[in-house]
Amino acid sequence: MSIRALVTHQREGYARFHAHKGNFWIHLLTVPCFNVGFYSGIYFIIDQDHSSLVLAGAAMISAIAMQGIGHKQEVNPPEAFTGLGNAVVRVLLEQLYTFPRFVVSGHWPKNRS
C-alpha cells in the first residue's frame with residue numbers, strides 16, 4: 001500500500017478505532033510525548049548524544065505501550081500489522097500526522113463512547 005493510500009485508510013478509519021473516551025485521552029497525553037521523543041531522537045542522533053537518545057527512545061516506547069493499553073478498551077481493535085515495515089510506517093504516520101489531524105479537525109467529540 002502506498003503512503004498516500006495508507007494516509008487515506010488511516011484517516012477514514014481513525015474514528016472507528018479510537019472511539020473510547022479513555023483511549024482518546026491516553027492518545028491526547030501520549031502522542032505529544034512520542035513526538036517529542038521522535039524529534040529529540042533525530043537531534044540526538046545528529047549530535048551523537050547516545051545517552052539522551054536512549055531517553056528519547058524510552059519516551060517513544062512508553063507512549064506506544066500506553067496507547068496499546070488504551071486500544072484494549074476499544075470495541076474495534078486496531079488492524080494487525082502485516083510486518084515490521086508496516087508497523088513502523090503506521091505508528092509514525094499515526095503519531096506524527098493522523099492523530100494530530102484528527103484532534104485539530106474537531107471530529108473526535110462526535111463519536112466518543
Side-chain angles (χ1 to χ4, degrees):
M1 181 179 293
S2 72
I3 295 292
R4 180 173 287 184
L6 187 54
V7 167
T8 302
H9 182 71
Q10 265 195 358
R11 186 179 62 233
E12 290 174 354
Y14 204 80
R16 192 172 112 228
F17 298 111
H18 297 82
H20 191 277
K21 182 171 47 174
N23 188 28
F24 171 78
W25 285 106
I26 288 171
H27 276 67
L28 194 62
L29 296 171
T30 60
V31 167
C33 293
F34 180 94
N35 290 345
V36 167
F38 178 79
Y39 290 115
S40 297
I42 291 172
Y43 175 79
F44 296 139
I45 288 170
I46 294 167
D47 195 42
Q48 297 183 356
D49 183 349
H50 300 111
S51 59
S52 296
L53 180 59
V54 169
L55 293 175
M60 294 167 56
I61 291 168
S62 298
I64 295 301
M66 292 299 296
Q67 290 173 27
I69 292 168
H71 277 289
K72 290 181 181 176
Q73 301 174 25
E74 293 289 348
V75 173
N76 299 306
E79 297 172 351
F81 297 120
T82 59
L84 179 59
N86 176 261
V88 169
V89 170
R90 282 178 46 196
V91 166
L92 288 175
L93 184 59
E94 177 183 1
Q95 304 302 304
L96 302 174
Y97 178 75
T98 309
F99 184 77
R101 187 177 187 284
F102 181 67
V103 172
V104 171
S105 73
H107 293 299
W108 60 271
K110 299 173 187 169
N111 73 320
R112 292 182 311 157
S113 56

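Everything numeric in this text was worked out from a predicted model, so none of it was measured.
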Flag the pair [X] / [Y] as yes when at least one side-chain heavy-atom distance between them is below 4.5 Å, and no otherwise.
X: Met60; Y: Phe34; value: yes
X: Thr8; Y: Arg11; value: yes
X: Val54; Y: Phe44; value: no

Measure from the ring center of His20 to the ring center of His27 and say whether it is less than 6.0 Å. no
Is it possible for you to say whether [X] and [Y] belong to one hydrophobic cluster, with membership spreading through side-chain heavy-atom contacts below 4.5 Å?
X: Phe17; Y: Val103; value: no
X: Val31; Y: Phe24; value: yes
X: Ile42; Y: Ile64; value: yes

Show me the donor-acceptor pairs, under 3.5 Å and distance only, between side chains in residues 77-90 and residues at least two apart or in other chains.
unit_1 : atom_1 : unit_2 : atom_2 : d
Glu79  : OE1    : His9   : NE2    : 2.9
Glu79  : OE2    : His9   : NE2    : 3.2
Asn86  : OD1    : Thr82  : N      : 3.2
Asn86  : OD1    : Arg90  : NH1    : 3.2
Arg90  : NH1    : Glu79  : O      : 3.4
Arg90  : NH1    : Ala80  : O      : 3.1
Arg90  : NH2    : Glu79  : O      : 2.7

To the closest 0.5 Å, what do you measure between [atom1] ([X]) and [atom2] ([Y])?
X: Met66; Y: Leu29; atom1: CE; atom2: CG; answer: 8.5 Å
X: Asp49; Y: Ser40; atom1: CG; atom2: OG; answer: 10.5 Å
X: Thr98; Y: Gln10; atom1: OG1; atom2: CD; answer: 3.5 Å

Are the side chain of Thr30 and the backbone of Cys33 linked by a donor-acceptor contact shorter than 3.5 Å? no
Donor-acceptor contact below 3.5 Å, side chain Ser62 vs main chain Ala59: no
State whether a side-chain donor-acceptor pair under 3.5 Å links His18 with Glu94. yes
Donor-acceptor pair between Gln73 and Asn23 side chains, under 3.5 angstrom: no
Let's go through Phe102 and Tyr97 carefully: what are the C-alpha distance in whole Å and the side-chain angles of both, what is the deciding distance for side chain to side chain contact (heavy atoms under 4.5 Å, CB included) to 0.1 Å, and is it a yes or a no? CA-CA 9 Å; Phe102 181 67; Tyr97 178 75; over 6 Å; no
Not counting sequence neighbours, which residues clear side-chain contact (heavy atoms from CB on, under 4.5 Å) with Leu96? List them please. Asn35, Phe38, Tyr39, Leu92
